[in-house]
2 protein chains.
Amino acid sequence: MESQSSGNVTLEQVAQHAGVSLATASRVLNGSTRQVGEKLRKKVMASAGELGYLPNASAQALARNSSSLVGLIVHDIADPYFSSIASGVTGRAEEEGLVVVLGTTGRTPQRETEILATLRAHRAKAVVLAGTRTVDEVGNRNLAAEIERFTAQGGRVACVSQGGLPADTVVPANREGAADLARRLITMGHRRFAVLAGPPDLRTARDRLDGFHGALSEAGIEPAYHDVVHGAFTRDGGYASTQRLLAAGTDATCLFAVNDVMATGAIAALRDAGLRVPEDLSVAGFDDIPTLRDLIPSLTTVRLPLEWMGQEAARLALTEAPAAQPRRVPAGAEVVLRDSTAPPA
Amino acid sequence: MESQSSGNVTLEQVAQHAGVSLATASRVLNGSTRQVGEKLRKKVMASAGELGYLPNASAQALARNSSSLVGLIVHDIADPYFSSIASGVTGRAEEEGLVVVLGTTGRTPQRETEILATLRAHRAKAVVLAGTRTVDEVGNRNLAAEIERFTAQGGRVACVSQGGLPADTVVPANREGAADLARRLITMGHRRFAVLAGPPDLRTARDRLDGFHGALSEAGIEPAYHDVVHGAFTRDGGYASTQRLLAAGTDATCLFAVNDVMATGAIAALRDAGLRVPEDLSVAGFDDIPTLRDLIPSLTTVRLPLEWMGQEAARLALTEAPAAQPRRVPAGAEVVLRDSTAPPA
DNA sequence: CGCCGGACGGAAAACATTTTCCTGGCTTTC
DNA sequence: GAAAGCCAGGAAAATGTTTTCCGTCCGGCG
């Protein structure tokens with residue numbers, strides 16, 4: 001079997017070899033609605049096996065006006081937040097026999113729209129948008145318009161972490177998680193907080209900041225706005241932001257970084273500045289990145305079920321029937337207290 | 001512009017709107033060899049813009065017998081080793097205006113062959129195989145055969161980290177790196193070593209083990225084979241392997257884990273067993289995973305240029321002219337001594 | 001015994017592009 | 001001034017499937 005090696009075998013050749021028509025061969029080899037008699041069916045299968053037939057996916061996509069591609073758009077695949085989500089999406093897609101197309105934006109919102117258009121050109125079956133929204137209104141409108149075009153063409157779209165788009169969305173409890181965290185830290189005895197808030201235009205970062213501040217206000221703590229430092233959403237961003245915070249001086253007893261990789265940078269910066277965590281300053285993060293669970297001191301954080309979120313988004317886009325209204329599936333956030341936080345001295 | 005919304009605009013419609021033939025429209029909008037007069041060119045461009053024309057990628061792939069897809073096959077995208085490589089590959093591919101298809105094998109060698117066949121069905125332009133080879137001869141032969149088919153069809157293949165396949169390969173200095181590491185540890189004063197060797201059938205794991213043992217032998221140290229523990233190539237594998245090692249008892253002063261994620265698990269297991277690193281036992285890893293650089297104690301390891309390796313593999317597959325002989329591009333490995341190793345007590 | 005319906009097979013149209021080949025007009029060159 | 005290219009443009013073939021539509025055969029039923 002599979003002896004054939006000369007170039008590519010077409011369905012035509014299989015049909016000829018089996019002595020049947022193109023239509024019959026097609027019906028046997030793709031499992032259409034129509035039945036084919038046992039004898040011919042066997043002949044076709046045998047010929048296909050012998051010739052090593054492999055359907056031309058482009059031709060199929062053209063004829064069906066739909067490909068077996070599923071898009072996945074992330075900011076940066078090297079970021080463990082996105083690679084966890086990606087793992088969930090690919091797992092689900094491969095279960096369905098689909099193929100994942102990975103697009104990375106490098107955090108340029110406009111790239112998201114471009115990639116989505118490319119996926120539309122490929123007649124992708126579905127797309128999962130995992131990059132977090134910005135507050136850029138024009139960009140969001142363009143993206144929404146492109147999503148409309150994509151769905152109009154028969155494709156399905158699901159998002160992770162950003163509401164407001166015309167698509168089903170898995171929404172992590174960013175606000176509530178950050179608020180819970182704040183309450184736990186207050187209970188622990190902290191009253192003065194500094195926040196590494198990430199980029200000001202990133203919705204996810206903002207939501208976490210808002211949730212945190214909201215809980216502080218409820219507890220009668222006025223957030224000290226000079227202790228909110230914006231910076232890149234990365235480990236190095238966390239490091240640099242912390243240095244700026246220390247340079248400016250702060251009387252905070254606890255530092256909240258709006259994601260784990262920034263918290264990692266923060267701890268490194270504090271250590272380099274000769275400060276101990278948590279004795280001199282407590283530090284908390286957000287996400288509970290698996291790779292960072294072995295950090296010392298272990299990081300107090302808010303756990304998101306990242307891989308599940310990816311799976312769920314893929315499920316929404318692939319197996320769920322399209323809904324009239326965009327659906328929202330909440331993803332719980334759970335505070336995990338570990339060693340990087342302690343009662344203030 | 002881009003006012004059109006009714007379904008999908010075809011080239012035919014653009015041509016009609018512009019009052020030219022299909023051929024002319026095609027020539028304008030895809031930059032073929034043939035020139036088109038300035039007047040018609042402008043008309044076509046205007047019509048395309050106005051109608052919001054987007055070429056049907058499937059039809060293009062069919063007509064050209066080649067798509068704009070680039071495959072990337074990894075074991076597990078959530079593993080930072082692979083996500084770093086993936087980052088390099090996607091970066092390069094997107095520079096070329098290509099689209100990356102991500103396949104994950106879950107460490108099943110046979111899946112690699114399946115995914116490659118799928119990519120052939122899609123007439124992918126190139127594929128980067130990043131999963132490490134096993135010693136499974138049958139599996140490797142099947143994979144090699146599928147690679148031949150893929151290249152026969154006009155596709156290009158490049159590998160990361162595994163020689164022996166009929167494709168260009170970026171080869172990290174696993175042996176030499178491990179040997180260098182061993183020599184540095186010997187210089188430091190260590191004489192008795194234990195090794196977390198990963199899965200016995202994984203070439204990368206074996207090469208590192210061999211290199212390490214080779215350097216020990218050269219220094220007149222007979223490796224203690226009861227202190228070589230095999231286990232999963234993951235953080236939890238490292239944890240479990242270390243527990244087994246401790247349960248069996250060892251007099252080693254230094255523990256070499258053949259990758260960083262295993263080393264991370266090892267440190268956690270040692271800590272849970274009440275042992276201090278490096279005072280009671282030194283630990284070294286391999287890869288220098290960026291996300292793990294903030295570990296405490298910071299990890300002595302062997303640095304591989306992971307992202308560069310991905311870029312380079314993509315470059316070999318995309319821009320380099322196909323060679324008669326499979327090329328091998330070496331990737332240097334550099335020992336990085338940090339705090340997880342110290343002279344033995 | 002004839003009719004009808006269902007099931008199965010095949011011819012051909014459709015899918016959206018690229019590309020080959022042809023044609024008519026233009027320039028260039030003796 | 002005519003022959004010999006050259007070049008832009010268009011008609012049509014080709015790419016490999018799916019799917020519609022039609023024909024035929026067979027069995028069952030009246």
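None of these values were measured; they are calculated from a predicted model.
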J.: Please tell me if Ser26(B) has a side-chain N or O lying less than 4.0 Å from either OP1 or OP2 of dT18(C).
T.: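 Ser26(B) to dT18(C) OP1/OP2: side-chain N or O found under 4.0 Å.
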J.: Taking only the side-chain heavy atoms of Ala63(B) (C-beta and beyond), determine which of dT18(D), dA16(C), dT18(C) contains the nearest atom.
T.: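 When the side chain of Ala63(B) is considered, dT18(C) is the closest of dT18(D), dA16(C), dT18(C).
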J.: When rounded to the nearest 0.5 angstrom, what is the spacing between OG1 in Thr10(B) and CD in Gln16(B)?
T.: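 These two atoms lie 8.0 Å from each other.
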J.: Please encode protein proximity along nucleotides 6-11 of chain D as a string of B, S and -, counting only heavy-atom distances under 4.0 Å.
T.: --BBBB
J.: Can you tell if the side chain of Val70(A) reaches within under 4.5 Å of the side chain of Arg92(A), non-hydrogen atoms only?
T.: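 Heavy-atom side-chain distance check fails, nothing below 4.5 Å.
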J.: Counting only heavy atoms not in Glu320(A), do more than 12 fall under 6.0 Å of its CD?
T.: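 More than 12 heavy atoms, drawn from other residues, nucleotides or ligands, come within 6.0 Å of this atom.
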J.: Looking only at heavy atoms, what is the nearest atom pair of Leu11(A) and Tyr53(A), with distance?
T.: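 Smallest interatomic distance, heavy atoms only, reads N-CE1, 3.4 Å.
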J.: Could you give the CG-to-P distance, from Leu54(A) to dG16(D), as a whole number of Å?
T.: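 In whole Å, dG16(D) P lies 13 Å from Leu54(A) CG.
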J.: Can you tell me how far P of dT17(C) sits from NE2 of His122(A), to the nearest Å?
T.: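 Atom-to-atom, His122(A) to dT17(C), this comes out as 13 Å.
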J.: With a cut-off of less than 4.0 Å, is there a side-chain N or O of Asn8(A) near OP1 or OP2 of dG16(D)?
T.: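 No.
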J.: Just to confirm, is there a sub-4.0 Å distance from OP1 or OP2 of dG16(D) to any side-chain nitrogen or oxygen of Gln60(A)?
T.: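 So the side-chain polar atoms of Gln60(A) never come under 4.0 Å of the phosphate oxygens OP1 or OP2 of dG16(D).
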J.: Round to the nearest Å and state the distance from Glu12(B) atom CD to dT18(C) atom P.
T.: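 For the pair Glu12(B) CD and dT18(C) P, the rounded distance is 13 Å.
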J.: How many whole angstroms separate atom CG of Leu62(A) from atom C1' of dT17(D)?
T.: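 After rounding, the reported distance stands at 8 Å.
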J.: Are His122(A) and Ser68(B) side-chain neighbours, meaning at least one heavy-atom pair lies under 4.5 Å?
T.: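 Yes - at least one pair of side-chain heavy atoms lies under 4.5 Å apart.
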J.: Roughly how many Å is it from CD in Gln16(B) to P in dT17(C), rounded to a whole number?
T.: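 These atoms are roughly 13 Å apart.
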J.: So for the helix from dC1(C)-dG30(D) to dC30(C)-dG1(D), with five pairs setting each end axis, what is the inter-axis angle to 10°?
T.: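 End-to-end axis angle: 40°.
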J.: Hey, mind stepping through Asp136(B) and Asn140(B) against side chain to side chain contact (heavy atoms under 4.5 Å, CB included) and telling me if it holds?
T.: CA-CA 6 Å; Asp136(B) 166 19; Asn140(B) 283 343; 5.6 Å; no
J.: When the distance from CG of Leu11(B) to P of dC15(C) is rounded to whole Å, what number comes out?
T.: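 Whole-Å distance recorded here is 14 Å.
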J.: Taking any heavy-atom pair under 4.0 Å as a contact, classify Asn56(B): base, sugar-phosphate, or nothing.
T.: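 Contact class for Asn56(B): sugar-phosphate only.
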J.: For the pair Glu95(A) and Arg315(A), find out whether any cationic side-chain nitrogen is under 4.0 Å from an anionic carboxylate oxygen.
T.: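 Answer for the salt bridge query: no.
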J.: Which heavy atom of Ser161(A) sits nearest a heavy atom of Thr169(A), and at what distance?
T.: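 In terms of heavy atoms, the two residues are closest at N-CG2, 4.2 Å.
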J.: Less than 4.5 Å apart, any side-chain heavy atom of Thr105(A) and any of Ile73(A)?
T.: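 Yes, their side chains come closer than 4.5 Å.
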J.: Nearest-Å distance, CZ (Arg123(B)) to C1' (dG16(D))?
T.: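 My rounded result for the distance is 9 Å.
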J.: Check the distance between dT17(D)'s C1' and Asn65(B)'s CG and give it to me in whole angstrom.
T.: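 Answer to the nearest Å: 14 Å.
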